[in-house]
Amino acid sequence: MNSTTFNILKYLGLVLASLGLIWFGYAWVTGDELTLPWQVESSFKTRPFLLEYFSINGKPGGVVADQIISWQKFRTGELQYLLWPEKVLFIIIMITMAIGTLTVTYLNRFSYFIFSGFIIFCLIQLRLEELGVADPYLTYGLIGAYLLLTYYFQAINKKVSVLIRLITITLLYGSFIALVNYLPNMDYPNIVVLSFGFLGPLLWVTLFIIFIAGDNIYSLFKLTTQGSTEGKNSLIHFGIIGAVYVLLVALMFMEKNEDLQLDLFLISPESLLIASMISGYFCFDQKIKTFNIGGDTFVLKDWLYPVLCALTLGVVAYAKITANDAIENAVDWVILISHLAFGAAFFVYALINFLPALMQNMQVWHIFFEGPRTPMLTVRLFCVIMIVGGFLYLENRPYRMAKAGQYTMLASLAEYIDNDLLADQYHQQSNFFEFYNFRSNYALAQKARTTKERQEIPERLIAIMRGGENPKARVAYSNYFAERNDLYRTLSSLMYAPESEYNDQVQNNLGMAHYEYQNYDSAYRYFSASLGGGAYVSESNLAALNYDIAAQVDFDTTINYEYENNIHLKLNRQALANAQHQFLPFSIELDPDTILTREQLFYIYNAALSQKRDDYKEVEEAITYYRSNLKNAQYNTFLLTSLSFLYYHSRRVNNAFETIELVIASNLAAAGFPYYVKAVWAYDQGQSDLAVESINNARKRGFDEPALRNFMDDLKLVVDYDQQADISPLLQEARANQASVSPEEFLEKLKEIASTNAFDVSTTLEALTLAESAGLTTQEKYELLRNAIKVNNQSAELWKAYVIACAENNYRTFGETALESLSVLVSEEELESVREDFEEILAAKKSSIFN
């Protein structure tokens, strides 16, 4: 084998180990978020809110409208079945089998038979008979092909290059994979093989973990004794550090066994495993000499060792991502038992063998695995006995967990192919082996259909939590009671939960439970504490909480918001700004498909209720944009109501009344609230008759809310009714700025004033007179007056001006109809005077046409 090929294959092993570490890191960060993601459930609650327009009998008066407040809590979604983690794991397993087979061909005769027996046992564990084809010949064929090929390379033709061996072995397993995919009449045969044969890869993982379990003690021994100037100091350092390490592993073992409560930051079986992998790689050469394996040991260190690292990390990552905690716990137990056994034994072994040498200040770390007093083989046999004792002490719990994980894999696959009966059986079998495992218990809780199964949901979730702290099971447990309106159990299930001390989602839901109990200080505490993983949700809930206690809390003083673009946060902050008469800029990202979400709808509505806003046009554009899509037709009345409030608060009274009339016409049966709004606005504009008429119409439509009754009671006590429409400041401002704008701009401003508020008749007519002097056409004048009498049809002055405008545009029929409406508002003399003017203008028009 040339050096180039060797280096390529050497670095290939390191690349595989690195990829395994990356996948493990990804699984560490994401956890089971892909399989069982957190979901946010939104509930929208209304809060009565007074839009203050006037003072009536010494009290604030106006429209009592409902603002919308968003509350959010966490729940978990459906368990997802992910094919890609199983495919990735299957590829890693096949690579491990290929590299392991390649490694066997370089060992001496004795080691060859030992390792071949192990590999054959793993092949048998694949349980190919479950594929239902060529049973048992597919397994026999694979074992026979393995023996023939490896024995040929190991004993008959030892000079074959490593590249040829690798290609041949790859073809062997490639052919096997092809047969597995071609012969069975089923979907996902590779995944079936992996699910049924998962104990085979676990054997590789277990053997590898046992192989590296003592290497951390070696690294500590080397670090504390290498280069020391005094042997006594190095002995003391090793003794203290080694004892701490063994004690730490023992504490982790006891914590895992629930003998004590322990929470060590970043110290876990997985971190212990990674440290052992690193230590094992650097002490591999010294350690492998004592095994007397023979052959070219570089294939073990540079090829098999990195691949086994990738496999071990891949199994743990797979278990984390797929929420198969039974497998994860099984591997954790193997790590802890083996590290405790080897750690304690190697620590004592080092002290027994090297205490005299260390006292003489000798460098002995390089012969750590070659102890002159206690043979390393004896220590290893003792460690194996301790590992077996650990398994027996745990009543074979790691094995039962591994079997539970295997049945969970099979159940998940059965769910994926829609075989619910088989999935239930496998999940129940998984629970038989491991009562506390997460995925099977959670899946059975989700699949509950009958009354008996639903009654068992709390017990299944409690079983998960008895097996260990589990935020998702905790949240599901509390939501189970919340859905049944059992507020006490909802709160109590979260209040004393250990997860509430560290998990953001649980803290947020606990804050919600306290809020429902009206424990606002506790709700604030937990919402504030969960500004981590649940930050955007808790910020929104904090804003909602602030709204409910707005009388005691100043606007936005309780928190510096980070997720300001979150729609729920904006919705609640807008409601709070409205309640405290503050201005909050409106911002919304208009969806290209123009389909509204409920959050967007309610945010726009709250923004439209604001009485202090400079960016009315942005809100109007958003409403117009979403109304343009017929798919939002179900929200049309709601959007129109929002638009009417927006117009009124921006002092476009004409538009407000026209829009509220559209709301009324869109659904007369539900027009009670719009009529109530119209009544209040009419009173605000000095239109007492219109206010009374609108009140009667609201009551006819069944609207008898306290807000309307209180308004009616207040009206009975009004003595000095001085409300009136007044837009004269707008006209005064326009006149003051006339010199600084162009004639065209001045005319547009006058037209805008004339169309603003028809209830201020004098200002409207004065604006029209000035506009005529500035170049207003008779047609434009007619349109402005026609729109004005739509809003205020009880003004004789507007009707008179409208009659004249009809004459000026030669609209005889419209004018005569207007005269009929005017007849009920003025005396006979006034009516005849207007009619004479009307006829005179028409006659002049007719004469000019003839001329």
Side-chain angles (χ1 to χ4, degrees), residues 107-115 117-118 203 205-226 231 234-235 238-239 241-250 253 272-273 275-277 279-295 297 300-301 304-305 308 333-360 362-394 398:
L107 302 179
N108 59 27
R109 185 63 57 88
F110 177 77
S111 301
Y112 167 76
F113 283 114
I114 293 295
F115 277 88
F118 173 77
L203 288 174
V205 171
T206 302
L207 189 64
F208 176 68
I209 291 174
I210 292 174
F211 176 75
I212 64 173
D215 296 343
N216 283 331
I217 283 291
Y218 165 79
S219 295
L220 294 175
F221 184 78
K222 180 179 178 181
L223 288 172
T224 54
T225 62
Q226 182 182 16
S234 63
L235 179 63
F238 172 69
I241 297 174
V244 169
Y245 170 79
V246 174
L247 178 63
L248 190 62
V249 177
F253 180 92
L272 197 65
L273 174 66
S276 296
M277 289 178 176
S279 299
Y281 185 80
F282 288 106
C283 72
F284 189 90
D285 294 329
Q286 289 86 358
K287 182 173 62 174
I288 203 67
K289 295 176 184 178
T290 62
F291 280 93
N292 194 28
I293 288 180
T297 58
L300 293 171
K301 179 181 180 181
L304 186 59
Y305 189 92
L308 286 174
W333 275 123
V334 172
I335 295 170
L336 292 174
I337 293 172
S338 58
H339 279 72
L340 182 58
F342 275 91
F346 276 26
F347 177 66
V348 175
Y349 159 83
L351 293 177
I352 291 175
N353 279 278
F354 304 115
L355 191 149
L358 288 173
M359 293 300 293
Q360 298 175 28
M362 296 176 62
Q363 293 289 325
V364 292
W365 60 267
H366 55 283
I367 60 168
F368 179 88
F369 297 101
E370 303 170 9
R373 298 187 179 189
T374 306
M376 179 57 75
L377 179 60
T378 303
V379 178
R380 289 193 175 112
L381 289 175
F382 177 70
C383 289
V384 171
I385 293 172
M386 290 180 65
I387 290 173
V388 173
F391 272 77
L392 294 176
Y393 172 76
L394 297 171

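We use all heavy atoms of the structure for the numbers below, so side chains are in, but hydrogens, waters and symmetry mates are not. We number each residue from 1, following the sequence as shown.
- Ring planes of Phe221 and Phe368: tilted class, angle from 30 to 60°.
- With sequence neighbours left out, the side-chain hydrogen bond (donor to acceptor under 3.5 Å, both in side chains) criterion links Ser338 to no other residue.
- Counting heavy atoms from C-beta on, the side chains of Tyr393 and Ile337 never come closer than 4.5 Å.
- With contacts defined as side-chain heavy-atom distances shorter than 4.5 Å, the pair Leu340/Met386 does not qualify.
- Residues satisfying the ring-ring contact (aromatic ring centres under 6.0 Å, His included) criterion with Phe118, sequence neighbours excluded, are Trp204.
- Scanning for salt bridge (Lys or Arg N to Asp or Glu O under 4.0 Å) contacts around Lys222 gives an empty result, with sequence neighbours left out.
- Side chain of Tyr349 to main chain of Val379: no donor-acceptor pair is present (N/O by atom type, distance under 3.5 Å, no hydrogens or angles).
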For this session: Could you please spell out the steps behind the ring pair (Phe, Tyr, Trp, His ring centres under 6.0 Å) verdict for Tyr218 and Phe369?
Result: CA-CA 9 Å; Tyr218 165 79; Phe369 297 101; 5.2 Å; yes
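- With hydrogens and angles left out, the side-chain atoms of Ser219 and Ser279 include a donor and acceptor closer than 3.5 Å.
- Not counting sequence neighbours, the partners of Phe347 by the ring-ring contact (aromatic ring centres under 6.0 Å, His included) test are Phe238.
- Atom CZ of Phe354 sits about 12.5 Å away from atom CG of Leu235, to the nearest 0.5 Å.
- Considering only residues two or more places apart in sequence or on other chains, Asp215 meets the side-chain hydrogen bond (donor to acceptor under 3.5 Å, both in side chains) condition with Lys287.
- Using a 4.5 Å heavy-atom cutoff, the side chains of Met277 and Ile212 are in contact.
- Among residue pairs with one or both ends in residues 377-392, those qualifying as side-chain hydrogen bond (donor to acceptor under 3.5 Å, both in side chains) are Thr290-Arg380; sequence neighbours excluded.
- Atom-to-atom distance recorded for Asn216:CG and Leu220:CG is 6.5 Å, nearest 0.5 angstrom.
- Ser111 and Asn108 share a donor-acceptor pair across their side chains, judged by distance under 3.5 Å alone.
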